[in-house]
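The figures that follow rest on heavy atoms only: side chains count, while hydrogens, waters and symmetry mates do not. Within every chain, numbering begins at 1; the chains are lettered A, B, ... in the order of the sequence lines, protein sequences first and strands thereafter. What you see is a predicted model; the values in this text were computed from it and never measured.
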Amino acid sequence: MVEEQKQKQQRFRETIQRQREKLPIYASKDELVAHIEQNETVIILGETGSGKTTQIPQFVYERMMTMKKENKNNNTEFESNFPPRKEKGTMVAVTQPRRVAAVSVAKRVSQEIGDGGKLGDLVGYGIRFDDCSSEQTRIKFFTDGMLLREALNDPLLSRYGAILVDEAHERTLQTDFLLGTLKAIQEKRRMNILEKDDDNDNNNNNNKRKKRKKRPPPPPLKLIIMSATLDASSFSDFFDACPIIYIKGRTFPVETYYLKEPEEDYIDAALCSVMQINEDEKDIKGDVLVFLTGQEEIESLGKLLTQRGKDTYPQLNVVLLFAAMPAEEQMKVFEETPKGTRKIVLATNIAETSLTIPGIRYVVDTGLTKMRTFKAKSGVEELKVVPIARSQATQRCGRAGREAPGKCYRLYTEDTMFSLAEQVVPELLRTNLAGVVLMLKAMGVNDVLTFPFIDKPSTEGLLRSLELLYSLGALDDKGELNKIGRQMSKFPLEPMACKCIIESRNQKCTEEIVAILAMLSTENVFVGRTIQVAKHKTGDHMTLLNLYADYSKVSRNGKKKWCNSHGVSFRAMNKAEKIKEQLSRSIGHIEDWDEDEEKDEEREGEEKEEKQEKENKSVRIRKALTAGFFMNAAKKESISDGSGGGSNSMFVTLIGGNRLFVHPSSTTFHKFSSRETAKEAVGISSSYIIFNELIRTNKLYARDVSVIEGEWLTEFGSRVFGTQR
DNA sequence: GAGCACTGC
């Protein structure tokens, strides 16, 4: 019996090995390893299906092991080259932009490596809320944000001898930030080695040097950057003209079709294309994937297609796919379509990278996407429909050729295709940098303007972020991180939110603030368009808090049902719960937090009756929120509202003077849009609000809004509102 | 009366 099992395992291993050897990358293994050995940094351009993600980490690890053995026999060979040490530099880290990828690749590699161990032994992973690794782990997969966090605690990332950054072409904020950090680490580790070599040369060391010799610095850091797009020159330039290695992929050919004339109504064009594909290819099996920009148009095209596709052959089986959808409904795209039907998936760019849908042979590409950008000058975010980049067009096309030859219908002309930007603008260039700057400061990078970014963010953006951090009280007059700033950097939240936590200690409402911030970091709490839970009179923050409190009271088994009956996303609540736990843990790590808490308790003794205390709770909570979000304050515009009943009230931000509306998703939306004034509706003598974010879609909208008192602004935002009233 | 691409710590 045992013998039989062993044979089974052996056969399994052999199958896997055969599969590995068939991968395109296997042919160039030796060349690859040689390149990695000879260079500190190597860029690998691997097309889809090359096997780079699963194989290269193993190649690197195997080479590290053989070098270790060689070193035992011959002490000189690897010392200068690729030196695994007992503690430092013995691990391989691999980063991915997404959690699912990190976990699934780790699983695959753990199987392939055939050490007989389970995931978490030799091969492990580390993502937020979930670390699966042990003392034995030598190859560890991360989300790139996770490895960045690790760099906060271990500034040289000294456990790792090699780091592989995968999907670098996506140029996410975290990947770009990580690449800059790794470049800086490489330099430092190189210098350490030199110092150590100096030690060896001069035998007349002083004590300090001897001490250092006892604890050897980490070896130089090998860096392997893996990208899928052809343009890797910017990476190579950034890493001192390091070599680029091309690896062929293995995908099926995809035939591409363009429109002859531009067509403005792309929904109609998509509708026609799908009907046409279904008609022309009626004898060929294969599903259709349509790329659209958002939920609304996906739903409306879904209705049209379902109607029109009833009487066709094959019948159309229309499936919608966007991130805000409940998880169970998302799973429908993975179900096999019934015989005699063709699956039509209408998706946002979630299907571009995050999800791979089996069975797709036809892609319809509108050539558009929604993109978020940030204007440093006004502090306003925009969410706009824009043309995709050529790299995205290629990526979308490729989705038709994963399993068999496919076809791609581009709903734009060939001329348009060539007018597209080659690459997506890196996220770092179109986002609020305050969080990045806070993290840089916490890493000890004082001069953030000279930090090595592949693409330098605008000086204005960096300066604005420094200003914001200063107004939050995180920086001293010299621009250096102070105690508050250091505490703020411990939280996985944007700086304004971090500041709320710090102030919550003074306001004695840390639990509540942490719950609110956890809810704010969760997208799509409400499933439907109408909010079915009790609203709080002061606005969204207290509503979210009450919702969280209600949810917490429900028994573990009943939570899902409770969410469904309250129009609330279970996935979101579950995530909020985890984030809250994580934030509370981070507070626990702040050394002198408890001390101050005790002082507060002393003060509490002097406090008045408990009843009044309870009434004040909402005030204290909103004060703590104001301490973080005072830059996001707005005042109701006094309009002579004789005729304007029913129209949404307008606000003006105190900083920047942006004229805005409350977003319709806000619980305060109805209050401000009715003829009542804020004062009457809310029962608070104030026309000031704070909000979580400002985003321009069709109008400029403030999302997650609460009513506050004007004087709190001067109290908590003294560095900006100090002199004025 | 009117609306929110996608990730990640």
Please check if the number of heavy atoms outside A:Glu511 that lie under 6.0 Å from its CD is greater than 12.
no
Mind checking if A:Arg703 touches a base, just sugar-phosphate, or nothing, with heavy atoms under 4.0 Å?
base
Do any side-chain nitrogens or oxygens of A:Thr143 fall under 4.0 Å of OP1 or OP2 in B:dC9?
yes
Rounded distance [0.5 Å steps], CD in A:Glu381 versus CG in A:Asn432
7.0 Å
Taking CZ from A:Phe322 and P from B:dG3, how many angstroms apart are they, rounded to a whole number?
17 Å
How is A:Arg372 classified with respect to the nucleic acid when contacts are heavy atoms under 4.0 Å: base, sugar-phosphate, or nothing?
base
Hydrogens and angles aside, do A:Glu297 and A:Thr293 bring a side-chain donor and acceptor to less than 3.5 Å of each other?
yes
Using a heavy-atom cut-off of under 4.0 Å over every strand shown, decide if A:Met146 touches base, sugar-phosphate, or nothing.
sugar-phosphate
Side-chain ion pair, A:Asp455 and A:Arg171, N-O less than 4.0 Å
yes
Looking for any heavy atom pair under 4.0 Å, which part of the strands does A:Thr369 touch: base, sugar-phosphate only, or nothing?
nothing
Determine the contact category for A:Leu383: base if any of its heavy atoms lies under 4.0 Å from a base atom, sugar-phosphate if only primed atoms, P, OP1 or OP2 are that close, otherwise nothing.
base
Evaluate A:Glu693 against A:Arg372 for salt bridge (Lys or Arg N to Asp or Glu O under 4.0 Å), listing each step before the verdict.
CA-CA 13 Å; A:Glu693 71 172 354; A:Arg372 209 174 180 130; 2.5 Å; yes
Close residues, residues 147-155 of chain A, relative to DNA chain B [heavy-atom separation under 4.0 Å]
A:Arg149
Spacing between A:Met371 atom CE and B:dT7 atom P, to the nearest angstrom
17 Å
With a 4.0 Å cut-off on heavy atoms, is A:Ser665 in touch with a base, just the backbone sugar-phosphate, or nothing at all?
base
Base, sugar-phosphate, or nothing for A:Phe491, non-hydrogen atoms under 4.0 angstrom?
nothing
For A:Ile350 and B:dG8, what is the distance between atoms CD1 and C1' respectively, to the nearest whole Å?
14 Å
With sequence neighbours left out, the residues meeting salt bridge (Lys or Arg N to Asp or Glu O under 4.0 Å) with A:Glu352 are A:Arg396
Considering just the side-chain nitrogens and oxygens of A:Arg99, establish if one lies under 4.0 Å of OP1 or OP2 belonging to B:dC9.
yes
Does A:Val448 have any side-chain contact (heavy atoms from CB on, under 4.5 Å) partners at least two apart in sequence or in another chain, and if so, which?
A:Val437, A:Leu440, A:Lys441, A:Leu466
